[in-house]
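When a ligand or atom number is given, it counts from 1 through the structure's own listing order. Basis for what follows: all heavy atoms, side chains included, without hydrogens, waters or symmetry-related copies. Remember, it's a predicted structure, so these values are computed and weren't measured experimentally.
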Amino acid sequence: MAYKITDACISCGACTPECLNEAIEEKEPHFMINPERCTECVGSFESSRCVLVCPVDSCVPDEDHKESKDALLDKWKKLHPGETPKLF
Ligand code: SF4
C-alpha cells in the first residue's frame, strides 16, 4: 500500500529528497504522496524513508491504497526501468 501524508505535516520538506521514487510533491496545504509512485520503498530500502525522517510522524500507511509486496515491486520496476531492485 502507498503511504500518505496527514494534516500534521508542517511542510518542512525533509521527506522529498529521501524518496527515490519522486513520489512526494509540494502541494497546498501540505506535501502529498502520489500513490502511483509510492512503493513503501519496496525495491529501494528496507523500510519507508519518509517515515524515518518526518519530524512530526505525518507519513502513514494509506488504507485506500492497499497493495501486495509483489505489486509494489512491479510498480518499482516500472518506475526504474533497467535497474535492479534491492530486495530485503
Ligand atoms: Fe517515497 Fe518510500 Fe515514502 Fe513511498 S514510503 S513516499 S516510496 S519515501
- Please test Glu26 against Thr16 for side-chain contact (heavy atoms from CB on, under 4.5 Å), starting from the C-alpha separation and ending with a verdict. CA-CA 8 Å; Glu26 189 171 1; Thr16 47; over 6 Å; no
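- Using a 4.5 Å cut-off on side-chain heavy atoms (C-beta onward), Pro85 and Leu73 make contact.
- In Ile24, the part holding a heavy atom less than 4.0 Å from any atom of ligand 1 is the side chain.
- Regarding atom 8 (S) of ligand 1, its nearest protein heavy-atom neighbour is Cys41 SG, 3.5 Å.
- Ligand 1 has at least one atom lying under 4.0 Å from a heavy atom of Glu40.
- The ligand atoms of ligand 1 that sit less than 4.0 angstrom from a heavy atom of Ile33 are 6 (S).
- Hydrophobic clustering (side-chain heavy atoms under 4.5 Å, transitive across Ile, Leu, Val, Met, Phe, Trp, Tyr) groups Ile33 together with Val51.
- Using a 4.0 Å cut-off to heavy atoms of Ser48, the atoms of ligand 1 that qualify are 5 (S).
- The Thr39 neighbourhood of ligand 1 comprises atoms 7 (S), with distances under 4.0 Å to a heavy atom of that residue.
- The distance from ligand 1 to the heavy atoms of Asn21 drops below 4.0 Å at these ligand atoms: 7 (S).
- Taking 2.8 Å as the criterion, Cys50 does not count as a coordinating residue of atom 2 (Fe) of ligand 1, since none of its N, O or S atoms falls below it.
- Using a 4.5 Å cut-off on side-chain heavy atoms (C-beta onward), Lys77 and Lys75 make no contact.
- Side-chain atoms of His65 and Tyr3, non-hydrogen and from C-beta on, never get closer than 4.5 Å to each other.
- Taking CG from Leu72 and NZ from Lys66, the interatomic distance works out to 13.0 Å, rounded to the nearest 0.5 Å.
- Between atom 1 (Fe) of ligand 1 and Cys38 there is no N/O/S contact shorter than 2.8 Å.
- Contact check for Val60 versus Lys4: side-chain heavy atoms found under the 4.5 Å cut-off.
- The shortest contact between atom 1 (Fe) of ligand 1 and any protein heavy atom is with Cys19 SG, 2.4 Å.
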